[in-house]
Amino acid sequence: MSRVIMYREALNEAIAEEMRRDRTVFLAGEGVAERGGSFRTSVGLLDEFGPERVVDTPISEASFTGLGVGAAIVGCRPIIEILFVDFATLIMDQLVNQAAKYDFMSGGRGRVPMVVRTQGGSGNGLAAQHSQSLEAWFYHVPGLKVVMPATPYDAKGLLKSAIRDDDPVVFIEHKLLYMSKGEAPEEEYTVPLGRADVKREGNDVTLISYSRHTLLCLEAARKLSEEGIDVEVVDLRTLSPLDKETILASARKTGRVVVVHEACKQGGVGGDIAAMIMEEAFDYLDAPVVRVAGLDTPIPFNVTLENACTPDIKKICSAARLLLYRNEVM
Amino acid sequence: MSRVIMYREALNEAIAEEMRRDRTVFLAGEGVAERGGSFRTSVGLLDEFGPERVVDTPISEASFTGLGVGAAIVGCRPIIEILFVDFATLIMDQLVNQAAKYDFMSGGRGRVPMVVRTQGGSGNGLAAQHSQSLEAWFYHVPGLKVVMPATPYDAKGLLKSAIRDDDPVVFIEHKLLYMSKGEAPEEEYTVPLGRADVKREGNDVTLISYSRHTLLCLEAARKLSEEGIDVEVVDLRTLSPLDKETILASARKTGRVVVVHEACKQGGVGGDIAAMIMEEAFDYLDAPVVRVAGLDTPIPFNVTLENACTPDIKKICSAARLLLYRNEVM
Amino acid sequence: MLQVNVNQEIVLSPEKAIEMYRRMMTIRRFEQRSIELYREGSIRGYFHPYLGEEAIAVGVCEALRNDDAIVSTHRGHGHCIAKGMDLGRMMAELLGREGGYCRGRGGSMHIADVSGGVLGANGIVGGGIPIAIGVAKGFRLFGTDRIAVCFFSDGASNNGVFAESINMAAIWNLPVLFVLENNHYAVSTRIDETSMSAALADRATAYGIQAETINGNEVDLVYETATRGAGLCRKGGGPFLMECKTYRHGGHHVNDPGSYMPKDEMDFWRGKNDPIDRWRSRLISSGLAEGEDLNRIDGEVESLLDEAVEFAKRSPEPSVEEFLAELEASRCHE
Amino acid sequence: MLQVNVNQEIVLSPEKAIEMYRRMMTIRRFEQRSIELYREGSIRGYFHPYLGEEAIAVGVCEALRNDDAIVSTHRGHGHCIAKGMDLGRMMAELLGREGGYCRGRGGSMHIADVSGGVLGANGIVGGGIPIAIGVAKGFRLFGTDRIAVCFFSDGASNNGVFAESINMAAIWNLPVLFVLENNHYAVSTRIDETSMSAALADRATAYGIQAETINGNEVDLVYETATRGAGLCRKGGGPFLMECKTYRHGGHHVNDPGSYMPKDEMDFWRGKNDPIDRWRSRLISSGLAEGEDLNRIDGEVESLLDEAVEFAKRSPEPSVEEFLAELEASRCHE
Ligand SMILES: Cc1ncc(C[n+]2csc(CCOP(=O)(O)OP(=O)(O)O)c2C)c(N)n1
Ligand SMILES: Cc1ncc(C[n+]2csc(CCOP(=O)(O)OP(=O)(O)O)c2C)c(N)n1
Ligand SMILES: [Mg+2]
Ligand SMILES: [Mg+2]
């Protein structure tokens with residue numbers, strides 16, 4: 001039985017279900033317990049699971065992430081909530097030097113099955129220190145998995161998989177998606193990590209994205225279809241490990257690819273994906289793989305400026321059109 | 001008058017000269033004063049400039065970086081030394097949320113003329129937490145400049161420019177280069193930030209690199225020239241701002257580009273550069289731009305495994321040959 | 001002559017006493033009027049009111065010299081006003097306008113007046129603490145006797161940078177006046193849930209810093225303590241930490257009803273211990289002012305705020321073209 | 001019956017007393033022999049000897065249960081041996097061999113025996129402290145009375161994670177025994193240059209943790225204190241911090257001559273206050289052992305080390321092919 005739920009409800013259900021299923025799962029973060037989470041993703045959990053498993057922390061991000069690492073090493077499955085991905089700046093040692101490398105450094109004899117749940121993106125007037133998209137950092141770190149769901153269905157299924165996964169997973173939600181709605185079955189399900197989802201099939205051009213911009217790509221695809229352009233939309237869902245097969249299959253099919261994300265263009269994952277496609281499918285490309293990405297700037301407070309920083313549907317459509325036009329005149 | 005000096009001497013001279021020139025310059029870090037720096041880059045400075053300007057810090061990386069930010073805001077030019085780039089994990093808030101964004105957030109009314117000097121790379125058996133190459137993180141942050149010199153000449157000239165620059169600069173040295181030697185004039189000189197250096201001209205294929213791997217590319221070029229392959233080597237020197245003009249000019253000339261770096265391939269700057277070339281010079285490319293980069297793994301302790309992680313001359317040569325071969329059969 | 005109630009050597013002139021009232025009232029009304037603008041949709045993003053804590057910013061900043069500098073927090077409007085920032089340009093910043101202190105780029109959480117010695121609010125809890133010690137370091141390096149003031153609240157004292165920074169301030173004897181605004185809450189989390197001891201000042205003492213705890217809602221006491229602390233710092237005897245007990249007059253931000261805050265606690269702090277009411281009565285009872293004088297000041301404050309809102313609303317929106325051009329320019333190498 | 005010298009309730013059995021001697025000597029000789037291997041080029045990278053600090057690891061670990069866990073530092077070999085790790089597999093790890101605890105991937109700074117409760121050395125100063133509180137959290141969540149031990153040194157106590165972590169351990173009453181090995185130096189920087197107070201334990205007290213400072217070179221005293229501390233933690237009365245004053249018998253790492261360490265200080269700690277000599281005399285004077293018995297033990301230790309070196313040297317180098325294959329496998333989605 002499917003029903004429509006909000007993204008934040010999907011996350012809440014995923015946590016609650018996994019906590020019921022496995023008593024080693026616990027949640028720690030600022031305001032996750034009594035307040036039910038700043039984005040209401042942990043409402044009700046304190047009542048059901050008690051304060052040992054739903055823990056309000058001091059503002060000590062570095063160390064309560066380390067708390068997660070230690071608990072994971074001895075067999076727990078902690079979910080550590082970092083309120084904004086911008087504050088991940090404070091936990092990089094524990095995440096990158098400790099969690100991500102523990103398995104490797106111990107010769108495969110230790111594991112860190114921890115999830116760091118956090119939230120990013122712009123669009124709410126929260127300015128430069130509360131609006132970043134920093135997934136490229138985690139993507140560059142061997143030993144970390146990186147998940148960025150776009151829909152309630154994926155959010156729930158992926159979070160459940162992330163909690164069950166034996167590696168540290170950085171799970172990044174988007175602040176503008178919490179109230180978005182979508183279908184999700186009542187029944188238990190999971191979505192595997194590491195698999196992209198072709199959210200729309202098409203033959204002319206591929207749009208590759210993740211998180212909120214998947215939804216913009218789908219809208220762009222609808223718009224372009226009115227112009228007779230047949231767009232395929234690949235939602236990566238998991239950035240690392242990257243589902244190269246799905247990406248390459250689509251690139252080979254359409255020969256024209258736009259990679260879309262909100263994060264700054266310079267050093268964003270878009271470049272990496274574009275380069276990978278070029279390396280693996282150069283002869284199939286009818287046009288360069290192009291990136292539609294965030295401007296290389298801190299996010300401004302003012303709404304008009306803020307909106308100018310992030311790719312919108314118009315920019316996505318223009319890029320797709322340009323690739324096709326370019327091909328026509330060549 | 002030119003003479004031969006070591007990379008670490010070049011750095012030492014740059015700091016000393018700038019400290020003489022400008023009394024707002026100071027150096028702070030672990031063991032920089034009494035010990036003269038773990039890599040002997042600050043030998044003699046304490047004696048000449050005293051403890052207010054050459055400061056041994058506690059192991060409080062986050063906060064002594066913040067000390068640099070605050071001092072810079074009120075007009076100093078602090079040089080903050082982070083012993084290993086691996087410990088930059090501890091300073092990301094001060095570097096990324098504070099230093100990098102201050103100019104922007106204040107509407108251009110505040111500046112942070114700070115240099116964070118640090119050191120990275122593998123090759124000394126220092127294992128997973130002392131061997132990383134994390135420049136891609138800084139490269140992704142608007143507001144930061146990123147410098148990675150390969151030679152004593154560039155090291156000195158770029159560090160002097162970095163100190164004089166009004167933006168925060170992350171200056172990353174390579175642990176295997178400190179004892180390397182090269183020519184540098186006795187006279188005062190600087191090397192401007194943001195300009196790549198064509199360290200060898202050639203027509204068949206371009207190798208783009210930075211830091212230690214520039215030297216490997218030059219060796220590879222010599223080797224390939226014996227096979228009749230005419231290689232151009234572009235040393236980026238500054239990663240951000242990226243000198244796109246020089247890169248693109250070379251790419252358009254040779255039509256074949258290999259980007260080489262030690263950092264992990266996934267999410268490394270190589271992908272970004274490759275994508276940029278594709279976007280801007282697709283029609284000039286006779287082959288895909290390929291990356292020769294570090295394996296996507298934490299660095300192992302064992303020497304054989306460690307060496308297997310980093311691109312060597314052989315891998316660079318093979319990539320170049322492949323691009324040419326590929327073209328011939330096409 | 002009104003004298004402050006602790007130290008007989010520090011005298012509070014009548015002018016200063018009245019000025020402190022005016023400043024506190026300005027902060028109070030600035031926040032209340034901005035909240036109205038927030039509710040009507042003219043201000044967006046996070047807005048953390050300084051309501052109820054006015055005596056701290058004012059008492060501290062009145063004890064400073066003009067060329068001293070302060071480092072502020074996400075709850076920073078009060079600090080800005082106390083340090084003398086212009087209300088119109090502040091309001092314009094909250095509205096995201098080009099005429100704002102940060103040209104609309106910063107907003108409430110990043111408002112700054114660098115040349116005026118307000119070195120920035122901060123969106124990162126604790127983020128300003130290390131910056132403050134750097135400011136002090138810079139002031140000393142320049143051979144001045146300027147000091148740095150570091151505002152932060154109880155929640156921030158749980159962050160590692162607090163311990164690291166007070167330790168460095170202590171070992172290097174840096175001229176930093178640490179002002180811990182203990183309002184008992186970090187969002188909805190009470191400080192007694194995240195600290196074993198109610199006396200956060202003890203944390204500073206352990207690192208070798210002189211520290212005192214006072215009622216932060218008594219502006220004269222704040223002023224007196226800050227005067228001593230600042231004097232110490234200025235003479236090379238610092239750093240100094242003052243923990244000021246206080247309370248938010250509402251939730252964490254404008255959209256937080258603060259329903260987790262016990263009613264009796266709130267009543268106490270909004271009632272008997274309200275910093276402005278206290279000071280008003282004190283001024284009157286000590287004969288320094290009549291109720292009418294103070295009412296007149298209230299009126300003047302209101303007019304200034306009318307002007308500020310007017311200025312802000314008239315200030316143009318930043319231009320996207322200019323923004324993009326500046327971005328382009330900043331990416332160019334020199 | 002030999003009794004420890006502080007608390008009359010904790011009795012140290014003769015067997016344990018002798019065993020502590022053996023362990024300390026094993027650490028001493030392990031380090032010395034590894035340093036030889038380092039000097040001959042068989043060991044590479046950073047090597048931070050535990051020489052001079054043996055009494056701390058041994059005194060603490062003897063007070064633990066087998067199922068307790070420890071979190072170690074960059075100077076970790078002593079902790080590993082005291083917790084019972086196999087010398088051969090340790091040595092093989094230092095040589096980067098496949099038969100090492102971490103299959104040659106980790107080396108000295110990352111040596112670990114997860115199933116044996118040694119949850120890792122650490123290349124990041126302070127990096128293990130938050131991990132330790134997580135281990136304790138996990139133990140409690142599982143409903144066990146196992147405890148976590150957190151080793152770290154003076155330099156680490158200047159890092160923010162120390163303050164954050166002891167605060168969380170305190171407020172959640174986590175079963176963590178913090179063992180501060182105050183060897184007075186962080187590389188070449190003396191702790192009195194980076195801390196106002198010689199008593200680092202006070203920092204813990206300020207956060208509400210019970211703490212004591214002892215001479216860390218008296219193994220019985222360490223044992224007694226750790227026994228009390230561990231007992232407290234185990235009964236839900238923890239956390240507990242013990243600051244053990246000690247000294248490195250040389251530079252920071254093998255290649256550091258330590259010329260900045262004053263000769264008289266070094267002489268004192270290497271001479272009169274050497275933990276092994278002290279304990280040796282104590283055992284003999286109290287009649288628990290004859291010199292000969294101890295010499296025999298020394299001989300046994302030596303043989304074990306011969307075997308360990310032998311084992312390590314015979315252990316194969318890791319295979320690059322396997323390494324690459326594992327890497328490939330780890331990048332695959334499930
Ligand atoms: C490092 C960091 N963690 C979390 C937050 C989210 N946050 C914003 S304000 C706040 C509470 C701060 O409490 P406190 O320091 O007591 O300041 P107050 O709000 O009481 O003035 C939190 C948790 C943040 N901005 N930065
Ligand atoms: C975060 C961090 N900063 C700096 C270093 C470099 N470093 C390695 S050991 C050391 C000194 C550590 O001193 P202490 O904590 O007292 O430990 P000890 O060496 O005395 O055992 C330093 C600075 C590091 N490894 N990690
Ligand atoms: Mg507070
Ligand atoms: Mg030490």
Side-chain angles (χ1 to χ4, degrees), chain C residues 124-133 152 154-174 176 178 180 182 184 186 189-213 232 237-241 243, chain D residues 124-131 133 152 154-174 176 178 180 182 184 186 189-213 232 236-241 243:
Chain C
I124 306 297
V125 172
I129 305 179
I131 294 177
I133 68 168
F152 62 104
D154 47 294
S157 78
N158 285 327
N159 198 279
V161 290
F162 165 73
E164 290 185 350
S165 299
I166 52 166
N167 185 49
M168 285 192 278
I171 59 173
W172 296 328
N173 200 37
L174 292 172
V176 189
F178 292 101
L180 200 175
N182 185 346
H184 302 83
T189 305
R190 289 181 64 90
I191 183 65
D192 53 22
E193 296 172 58
T194 60
S195 170
M196 291 300 279
S197 159
L200 296 175
D202 291 352
R203 297 181 177 184
T205 320
Y207 285 91
I209 286 197
Q210 284 188 61
E212 286 176 27
T213 302
L232 215 61
F240 186 85
L241 182 141
E243 178 186 0
Chain D
I124 305 297
V125 172
I129 305 178
I131 294 178
I133 68 169
F152 62 105
D154 46 293
S157 78
N158 284 327
N159 198 279
V161 291
F162 165 73
E164 290 184 351
S165 298
I166 53 166
N167 185 49
M168 286 192 277
I171 58 175
W172 296 327
N173 200 35
L174 292 172
V176 190
F178 292 100
L180 199 176
N182 185 347
H184 301 82
T189 304
R190 290 181 64 90
I191 183 66
D192 52 24
E193 297 172 57
T194 61
S195 170
M196 291 300 278
S197 160
L200 297 174
D202 291 353
R203 297 182 177 184
T205 319
Y207 284 93
I209 285 195
Q210 283 188 62
E212 286 176 28
T213 303
L232 216 61
F240 186 84
L241 182 141
E243 178 186 1

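By convention in this document, chain letters (A, B, ...) are assigned in the order of the sequence lines, proteins followed by strands, and residues within each chain are numbered from 1. None of the values given here were measured: they were computed from a predicted structure.
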Parallel under 30°, tilted from 30 to 60°, perpendicular over 60°: which one fits the rings of C:Phe152 and C:Phe178? perpendicular
Do the non-hydrogen side-chain atoms of C:Ile171 and C:Asn167 ever get within less than 4.5 Å of each other? yes
D:Pro239 vs D:Asn173 side-chain heavy atoms within contact, under 4.5 Å: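 Heavy-atom side-chain distance check passes, below 4.5 Å.
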Side chain, backbone, both or neither: which part of D:Asn159 has a heavy atom under 4.5 Å from chain C?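 It is both, since atoms from each part get that close.
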Using non-hydrogen atoms and a 4.5 Å limit, figure out which bit of D:Asn158 sits close to chain C: side chain, backbone, both or neither.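 Backbone plus side chain of D:Asn158, per the 4.5 Å heavy-atom cut-off to chain C.
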Using distance alone, with no hydrogens and no angle criterion, decide if C:Arg203 and C:Ser195 have a side-chain donor and acceptor under 3.5 Å apart. yes
Quick check for you: among D:Ala170, D:Ser165, D:Ala163, which has the greatest number of heavy-atom pairs under 4.5 Å with chain C?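 Top count of heavy-atom pairs under 4.5 Å with chain C: D:Ala170.
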With chain D, the option among C:Ile209, C:Asp192, C:Asp202, C:Thr194 that has the most non-hydrogen atom pairs under 4.5 Å is C:Thr194
